[in-house]
J.: 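Right, I'll just put the structure down here and ask away after.
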Amino acid sequence: MFLTYLRRELSQRKRQTLLVAVALGTSIGLIIVVNAASGGIGDAQKTVLSGLYGIGTDISVTKNVQPNQDGRGFAFGPGNTDAAGGSTLSQTRLTVPIFSGTFDQQTLAQISHTKGVAKTAATLKLNQITFKGNIAAAAQDPTAPRDPNSQRRGFGGGNFNIDMTSIEGVDTSDSKVGPLSGVNIDKGRNFQASDANSTNALIDSTYALAQKIVVGGVLSVNGTDFTVVGTVSSASATPETSSNLYIPLAQAQSLSSNPGVVTNIYIAADSSSNTAAVQKAIETLVPDATVSSQADLAKNLSGSLSSASSLVNALSKWLSIIVLLVAFLIAILFTSSGVTRRIRELGTLKAIGWKTNRIVRQIMGESLVTSFFGAIIGLVLGIAGIFIVNAVAPTLSASVARPGRFGGGGPGGAGFQPPDGGFQPPAGGFGGRGTGFGRAAANATTLKLHIGMNLSTLVLAVAIAILGGLIAGSYGSWKASRLSPAVALRSVA
Amino acid sequence: MSNTVLYSIKDLSKSYSQNNKKVNALRNVTLEINHGELVSIQGPTGGGKSTLLQMLGGLDKPSSGSISLAGDQLETLSEVKLTDVRARKIGFIFQNYNLIPTLTALENVQTALVPQGVNKANSEKRAMAALESVSLADRATHLPAELSGGQQQRVAIARALVKNPEVILADEPTGNLDEETRDQIIDLLVDLNRNQGITVILVTHDSSVAKRASKNLHIGNGVVTTR
Ligand SMILES: Nc1ncnc2c1ncn2[C@@H]1O[C@H](COP(=O)(O)OP(=O)(O)OP(=O)(O)O)[C@@H](O)[C@H]1O
Ligand SMILES: [Mg+2]
C-alpha cells in the first residue's frame, strides 16, 4: 500500500510533484554549472600560475628587500683605448636581483621541518648583467656638456650592449616541486642527481631561440662555461619558464659568492586543506619573508580570467545559497500546503487506524521521491549547462604580473617591475644603442575556458536535492503528525 | 450477543475552549449500548452529535467521565493504543465519504486493512468481497471522482466493513445524498445490523431510521436523552 499510495499521490498530483522537482532541479542544475565553471576557472588560473611557480607548488617563499645601493655599480677598469681614443669595456656581474633577499641554510631547514610541509625546493635566482661597449673619447671627459635630454650625464655617442640573463640555481635531484616541476623538456634531457656539481645547464626554449643556443652549446656564467644539456618550456599556455638558464644550485651559490643561501623556497603542503595553516606557520617563522599561496599568487592575475574568477567565485557562493534557499522554501511551502489540503484525507487515515508513523513515512516518501526527480532534473540541466558553456566556450585573457622580473627594455630605457610595483629608474640617459633588459613584465595569455564535470559535485548536488526533500518532508510530516483524527469528522474540510 | 454491553458511558463530559469561551459540547452523559443494537442519534445542529461520535470512536478524549468499549477504557488509553482500537474495532462512515481521492475503490477499502498488516493477496480478496457486499465489485478500479455520491458512500461502507468491526459509527452518512440514494444507504446499514449483527450507531435526520432503531438518542445542548 505504501508504494501504491506513494505512486498514486505523485502521479495524480503531477503539478505539485513537478513544481517541487523542477524547483529543486533548477537550483541544483545551476549549482552544478556554477561550481563547474568555478572549477574550470580555477584550473585555468592554475595553468597560468603553474608556468610560473611549478605545478606542485602550494606556497612560495621569497623576501623583498630595499635595494642596497652599495657595490652594485659597474666598476670599470681602464679599457682598451682604441684608435679613435674611445674605450672598449666589458664587464659581467652575477648577483641576486636587487629587490631579492636571501634565506640561509638554517631558515631553509626550519621551513622544511614545519608541520604540514611535504616537500621543499630551494633555488637561488640570479641576474647576470653583461655590459659590453665602446665609449667615445668625448664621453670620458668629465667636463663634457650634459645631455640636454637627460637628467644624467650623457654618453657622447658610445656603442654598447647591456645583456641580462636570469639564472636560477636549482636542486638537480628533484623537480617535483619548484620552477622545473611544470616544464616540458623540449630537447635534450632534464637534470639528474649526478648533475649537482656539474657545469651542465638547462636553458629556456624561448631564450635559447633568441640567443641561438642549442643543446650542446656553451654559455658563460660569470666566467665559467656551462654546457646546455636540455631546453625547457612551460607546460602552461605561456611557453616561457621563470628563468632563462638553470644551473645546479651549488654552482650558482659559489659563482655568485652566495654560499649556502637561496632566494626562493617552493613548498608543497601535505594536503591542500593544510595550505593556509602552513602559510601562517611560515609567516611566523620568517616574519620578514613574503609567503604566497597559490591563492595569493592568483591575485596577481588580471584580465578577464581574473574578473571571471572573482565573478564566478562570488556567484558560486551567493547564487548557490540564494537559489537553494528559494528551492528549499518552495519545496517546504508546497509540501506543507499539500498536507493542509489533505487534512481530511490524512485525518481519515488516522481515524481508521493508521499510526502516525505510517503517515509520516508516507509524506516523507513522497517528498524524497519528488526530490529524487529533482535531482535527476538537476543532473540533466547541470550536465547540459556544462556542455553549453563549453560549446560557447568563452575565451578568457589573463595577464600575470611576474614578481621580481626585469622588464621593459628597448633602446635607451629600462623598466623594472618588482612584485609591489612602482620602482622606475629615470628613463633615458644612455645615448648609445641600448639593448632591452629581459622580457616583458607582464605576460598576456588567452585561454579557452573549459569546464569539466566533477563526480563529487554531481554527488553533492544530488545530496542537496535529497536534503531539500528531507527538510520539506520533515516539515510536512511534522504537520501531519500533529493532526487530530477528529478532523475527519469535520463537515467542512 | 445482543444482551452484552458494548459501550458503557458514565458521566461523560466534553468541553472545548474557543476564544477563551468554554463550550460544553457534552454534559454528563451516561448511557449503555449493547452489542447488535441499531442506534439513531438526532438533535439540532451544534447539539453535540458529532462530539459524541468522536468519543464513541476514540477520536478524541473526554474532558471527564469514562467510556469503555468492549472492555477497553478509552479515556485511559495512550494514543498508540487508541489507534489500535480504532484499527480493529471501529468502522467509520462520514458525511463527505472521506475516500482517498488518489486511490481506487478497491485500494480505498484496502486502507482499512493496512494497520493490521494483512498481506497483499488476502487484503485484495477481502476488499473485493466487501465491495461485492455493497454491490460495487464492478467499480473496483475506479477512482472516487469517477463514482457517484451514493457509490462513494458504499465504498466507504465497504471500507468500514472489511475489518469486521465491533461497531460502525456513521455521522450523517446520507447528508449529501438525494432521497433515493439515501434509502439505499440506510437500507444497507440496517441490513448490516440485522443480518450480520454489527452494532450500528448513526447520526441522522432521517426519521425512518428512528423507526427501525433499537435505541433513539436525542442530543441538544450537550445533553443526551433516550427515547
Ligand atoms: N474542535 C472544536 N473546537 C471548539 N468547539 C467545538 C469543536 N468541535 C465542536 N465544537 C463545538 O461543540 C458543539 C457541538 O458540536 P458538534 O459538532 O458535536 O455538533 P453537531 O451536533 O454534530 O452539529 P451538526 O449537526 O452541525 O453537525 C458546537 O457548539 C461546536 O461549535
Ligand atoms: Mg456534526
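Protein chains get the first letters and strands the later ones, always in sequence-line order, with residue 1 at the start of each.
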J.: Which residue out of B/Ala112, B/Pro115, B/Ala160 racks up the most heavy-atom pairs below 4.5 Å with chain A?
T.: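 Most heavy-atom pairs within the cutoff with chain A belong to B/Pro115.
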J.: By a 4.5 Å heavy-atom criterion (distance strictly below it), what part of B/Thr104 contacts chain A: side chain, backbone, both, or neither?
T.: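 For B/Thr104, backbone and side chain are both near chain A.
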J.: Need one label for B/Leu99: side chain, backbone, both or neither, based on atoms under 4.5 Å from any heavy atom in chain A.
T.: neither
J.: With respect to chain A, which residue among B/Asn176, B/Leu103, B/Leu82 yields the maximal number of heavy-atom pairs within a distance under 4.5 Å?
T.: B/Leu103
J.: So, the side chain of B/Arg86 versus the backbone of A/Lys350: is there a donor-acceptor pair under 3.5 Å, distance only?
T.: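 Such a contact is found between B/Arg86 side chain and A/Lys350 backbone.
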J.: Using non-hydrogen atoms and a 4.5 Å limit, figure out which bit of B/Arg159 sits close to chain A: side chain, backbone, both or neither.
T.: side chain
J.: Chain A heavy atoms under 4.5 Å from B/Pro165: which part of the residue, side chain, backbone, both or neither?
T.: neither
J.: Under a 4.5 Å cutoff for heavy-atom pairs, which residue among B/Ile100, B/Leu143, B/Asp84, B/Leu113 has the most contacts with chain A?
T.: B/Ile100
J.: What residue among A/Arg8, A/Gln12, A/Glu9 forms side chain to side chain donor-acceptor pair (under 3.5 Å) with B/Thr102?
T.: A/Glu9
J.: Out of B/Gly57, B/Gly175, B/Pro101, return the one with the most heavy atom pairs under 4.5 angstrom to chain A.
T.: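 Heavy-atom pairs under 4.5 Å are most numerous for B/Pro101.
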J.: Given a strict heavy-atom distance threshold of 4.5 Å, which part of B/Ile90 is in contact with chain A: side chain, backbone, both, or neither?
T.: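 Answer is neither: B/Ile90 stays 4.5 Å or more from chain A.
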J.: Please state whether the side chain, the backbone, both or neither of B/Asn98 comes within less than 4.5 Å of a heavy atom of chain A.
T.: both
J.: With a 4.5 angstrom heavy-atom cut-off, which part of B/Lys163 approaches chain A: side chain, backbone, both or neither?
T.: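 Contact with chain A is through the side chain of B/Lys163 alone.
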J.: Determine the option with the most heavy-atom pairs under 4.5 angstrom with chain A, choosing from B/Thr111, B/Val85, B/Thr83.
T.: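 Answer, by heavy-atom pair count under 4.5 Å with chain A: B/Thr111.
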